[in-house]
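Reading through the C-alpha coordinates given below for one structure.
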Amino acid sequence: MERKSSPAPAPSWVPASGHALRHVGIHFDAARITGVLGEQVAYEIMQFTDFQAGPIVRSGIGERSMYFLLPPRSARAHRWPSGAQLMGCYGQGQNAAFVGVPALHGLTWPLDWRSLPTAEAPFVDAGLLHELVLEVTAGEW
(Lines give C-alpha, C1' and ligand atoms only; values in the text may rest on other atoms or scores of the structure.)
Protein backbone atom coordinates (compact mmCIF):
# COMPACT_ATOMS: atom_id res chain seq x y z
CA MET A 1 0.00 0.00 0.00
CA GLU A 2 1.33 3.41 -0.96
CA ARG A 3 1.87 5.78 1.95
CA LYS A 4 0.14 9.08 1.34
CA SER A 5 1.16 12.34 2.84
CA SER A 6 -1.46 13.79 5.08
CA PRO A 7 -1.71 17.02 6.95
CA ALA A 8 -0.48 16.57 10.49
CA PRO A 9 -2.16 18.41 13.26
CA ALA A 10 -1.20 21.98 12.50
CA PRO A 11 2.25 22.94 13.75
CA SER A 12 2.13 25.28 16.74
CA TRP A 13 3.22 28.20 14.57
CA VAL A 14 0.20 27.89 12.22
CA PRO A 15 -2.74 30.01 13.42
CA ALA A 16 -6.18 28.42 13.79
CA SER A 17 -7.77 31.08 11.56
CA GLY A 18 -6.78 34.05 9.45
CA HIS A 19 -3.05 34.70 9.49
CA ALA A 20 -0.40 35.69 12.02
CA LEU A 21 3.13 37.04 12.00
CA ARG A 22 5.76 34.58 13.18
CA HIS A 23 9.30 35.45 14.22
CA VAL A 24 11.82 33.88 11.85
CA GLY A 25 14.54 31.91 13.59
CA ILE A 26 12.27 30.63 16.34
CA HIS A 27 10.00 28.09 14.64
CA PHE A 28 11.62 28.12 11.19
CA ASP A 29 14.10 29.87 8.93
CA ALA A 30 12.72 31.47 5.78
CA ALA A 31 13.91 32.25 2.29
CA ARG A 32 11.94 34.86 0.33
CA ILE A 33 11.94 34.73 -3.45
CA THR A 34 9.88 37.28 -5.35
CA GLY A 35 8.04 37.39 -8.64
CA VAL A 36 8.47 34.96 -11.50
CA LEU A 37 11.63 33.51 -9.95
CA GLY A 38 9.70 32.57 -6.80
CA GLU A 39 6.94 30.98 -8.86
CA GLN A 40 9.47 29.01 -10.90
CA VAL A 41 11.38 27.76 -7.86
CA ALA A 42 8.12 26.76 -6.15
CA TYR A 43 7.02 24.91 -9.29
CA GLU A 44 10.35 23.08 -9.57
CA ILE A 45 10.49 22.02 -5.94
CA MET A 46 6.87 20.85 -6.07
CA GLN A 47 7.62 18.77 -9.16
CA PHE A 48 10.82 17.35 -7.69
CA THR A 49 9.13 16.31 -4.42
CA ASP A 50 5.96 14.90 -6.00
CA PHE A 51 4.00 17.81 -4.51
CA GLN A 52 5.28 17.18 -0.96
CA ALA A 53 7.69 20.11 -0.71
CA GLY A 54 6.84 21.28 2.79
CA PRO A 55 5.53 24.72 3.77
CA ILE A 56 5.60 27.42 1.11
CA VAL A 57 3.60 30.58 1.82
CA ARG A 58 2.52 32.74 -1.12
CA SER A 59 1.81 36.45 -0.75
CA GLY A 60 -0.84 37.78 -3.12
CA ILE A 61 0.14 41.44 -2.93
CA GLY A 62 3.09 43.56 -3.96
CA GLU A 63 5.84 41.54 -5.60
CA ARG A 64 3.95 38.29 -4.99
CA SER A 65 6.63 36.67 -2.92
CA MET A 66 7.08 33.03 -2.01
CA TYR A 67 8.30 32.25 1.50
CA PHE A 68 9.98 28.87 1.79
CA LEU A 69 9.90 27.79 5.44
CA LEU A 70 13.04 25.85 6.32
CA PRO A 71 14.10 23.97 9.46
CA PRO A 72 15.36 26.31 12.18
CA ARG A 73 19.06 27.21 11.84
CA SER A 74 19.38 25.52 8.43
CA ALA A 75 19.49 28.44 5.98
CA ARG A 76 22.95 29.69 6.92
CA ALA A 77 24.53 26.39 5.88
CA HIS A 78 24.28 27.54 2.25
CA ARG A 79 25.51 30.46 0.18
CA TRP A 80 22.35 31.79 -1.46
CA PRO A 81 22.42 33.62 -4.81
CA SER A 82 20.83 36.99 -5.29
CA GLY A 83 17.14 36.53 -5.77
CA ALA A 84 16.80 34.41 -2.61
CA GLN A 85 16.66 36.64 0.45
CA LEU A 86 17.25 35.01 3.82
CA MET A 87 14.91 36.34 6.46
CA GLY A 88 15.73 36.65 10.13
CA CYS A 89 18.12 37.70 12.80
CA TYR A 90 21.41 35.89 12.28
CA GLY A 91 23.85 38.10 14.09
CA GLN A 92 24.54 41.45 15.57
CA GLY A 93 23.41 44.40 13.57
CA GLN A 94 20.70 42.53 11.70
CA ASN A 95 17.04 43.16 12.35
CA ALA A 96 14.56 40.54 13.36
CA ALA A 97 12.15 39.46 10.64
CA PHE A 98 8.62 38.18 10.67
CA VAL A 99 6.76 36.10 8.11
CA GLY A 100 3.00 36.02 7.76
CA VAL A 101 1.68 32.49 8.18
CA PRO A 102 -1.87 31.66 7.06
CA ALA A 103 -4.23 29.20 8.71
CA LEU A 104 -4.50 25.85 6.97
CA HIS A 105 -8.10 26.58 5.93
CA GLY A 106 -10.49 29.47 5.63
CA LEU A 107 -10.06 33.08 4.59
CA THR A 108 -6.39 34.01 4.77
CA TRP A 109 -5.99 36.62 2.01
CA PRO A 110 -3.50 38.05 1.11
CA LEU A 111 -1.59 34.91 2.15
CA ASP A 112 -2.16 31.32 1.12
CA TRP A 113 -0.32 28.04 0.99
CA ARG A 114 1.48 27.03 -2.20
CA SER A 115 2.46 23.86 -0.31
CA LEU A 116 1.25 22.79 3.14
CA PRO A 117 3.36 21.49 5.98
CA THR A 118 2.71 17.77 6.45
CA ALA A 119 3.85 15.11 8.89
CA GLU A 120 6.26 13.83 6.23
CA ALA A 121 7.44 17.31 5.16
CA PRO A 122 7.18 19.71 8.10
CA PHE A 123 9.70 22.05 6.41
CA VAL A 124 11.17 22.66 2.96
CA ASP A 125 14.53 20.91 2.63
CA ALA A 126 17.11 23.71 2.73
CA GLY A 127 19.69 21.82 0.65
CA LEU A 128 17.22 20.94 -2.08
CA LEU A 129 15.86 24.49 -2.19
CA HIS A 130 19.39 25.88 -2.43
CA GLU A 131 20.24 23.53 -5.31
CA LEU A 132 17.06 24.40 -7.21
CA VAL A 133 17.52 28.14 -6.72
CA LEU A 134 21.05 27.87 -8.13
CA GLU A 135 19.82 25.90 -11.14
CA VAL A 136 16.86 28.18 -11.87
CA THR A 137 18.92 31.37 -11.54
CA ALA A 138 21.57 29.88 -13.81
CA GLY A 139 18.90 29.30 -16.45
CA GLU A 140 19.29 25.53 -16.51
CA TRP A 141 15.55 24.88 -16.48
> Within a strict 4.5 Å, meaning less than it, do heavy atoms of the Pro72 and Phe123 side chains meet?
Replying inline: yes
>> On a heavy-atom basis, which atom in Arg73 and which in Gly25 lie closest, and how many Å separate them?
In response: NH1-O, 4.2 Å
> His78 versus Glu131: any side-chain heavy-atom pair under 4.5 Å?
Replying inline: no
> Who passes salt bridge (Lys or Arg N to Asp or Glu O under 4.0 Å) against Arg114, sequence neighbours left out?
Replying inline: none
>> Is there a continuous path of hydrophobic side-chain contacts, each under 4.5 Å between heavy atoms, that joins Ile56 to Tyr43?
In response: no
>> What I'd like to find out is whether the side chain of Asp29 reaches to under 4.5 Å of the side chain of Leu86, using heavy atoms alone.
In response: no
> Got a second to check how far His23's NE2 is from Trp13's CH2, nearest 0.5 Å?
Replying inline: 15.5 Å
>> My understanding is that a hydrophobic cluster links ILVMFWY residues whose side chain heavy atoms are under 4.5 Å apart, including indirect links. Using that, what else belongs to the cluster containing Leu107?
In response: none
> Who else is in Ile61's hydrophobic cluster (ILVMFWY, side-chain heavy atoms under 4.5 Å, direct or via others)?
Replying inline: Trp109
> What is the minimum heavy-atom distance between Val133 and Pro81, and which atoms define it?
Replying inline: CG1-CG, 3.4 Å
> Does Pro55 offer a backbone N or O that forms a donor-acceptor pair with the side chain of Trp113 under 3.5 Å?
Replying inline: no
>> Using 0.5 Å steps for rounding, measure from the CD atom of Glu39 to the CD atom of Glu44.
In response: 12.0 Å
> Under the salt bridge (Lys or Arg N to Asp or Glu O under 4.0 Å) rule, what pairs show up with a residue in residues 9-18, not counting sequence neighbours?
Replying inline: none
> What's the spacing between Arg76 CZ and Leu70 CG if we round to 0.5 Å?
Replying inline: 12.5 Å
>> According to side-chain contact (heavy atoms from CB on, under 4.5 Å), who are the partners of Leu37, at least two apart in sequence or on a separate chain?
In response: Ile33, Val41, Val136, Thr137
>> Using every non-hydrogen atom in the two residues, find where Ser115 and Met46 come nearest and quote the distance to one decimal.
In response: CB-SD, 3.5 Å
> Does some side-chain heavy atom of Arg64 sit less than 4.5 Å from a side-chain heavy atom of Arg58?
Replying inline: no
> Which is it for Leu111 and Tyr67 under the side-chain contact (heavy atoms from CB on, under 4.5 Å) test, yes or no, and what are the steps along the way?
Replying inline: CA-CA 10 Å; Leu111 303 173; Tyr67 295 87; 5.6 Å; no
>> I need the minimum non-hydrogen distance between Pro15 and Pro102, along with the two atoms involved.
In response: CD-O, 3.8 Å
>> Taking side-chain hydrogen bond (donor to acceptor under 3.5 Å, both in side chains) as the definition, give me every residue that meets it alongside Glu63, ordered by chain and number, with sequence neighbours left out.
In response: Arg32
> Nearest heavy-atom pair of Val124 and Ile45: which atoms, and what distance?
Replying inline: CG1-CD1, 3.6 Å
>> Working to the nearest 0.5 angstrom, can you tell me the gap between Met66 CE and Gln40 CD?
In response: 10.5 Å
> Between the main-chain N or O of Ser65 and the side-chain N or O of Thr34, is there a donor-acceptor pair closer than 3.5 Å?
Replying inline: no
> Do the non-hydrogen side-chain atoms of Asp125 and Thr49 ever get within less than 4.5 Å of each other?
Replying inline: no
>> Tell me the closest heavy-atom pair linking Gly38 and Phe68, and the distance in Å.
In response: O-CZ, 4.0 Å
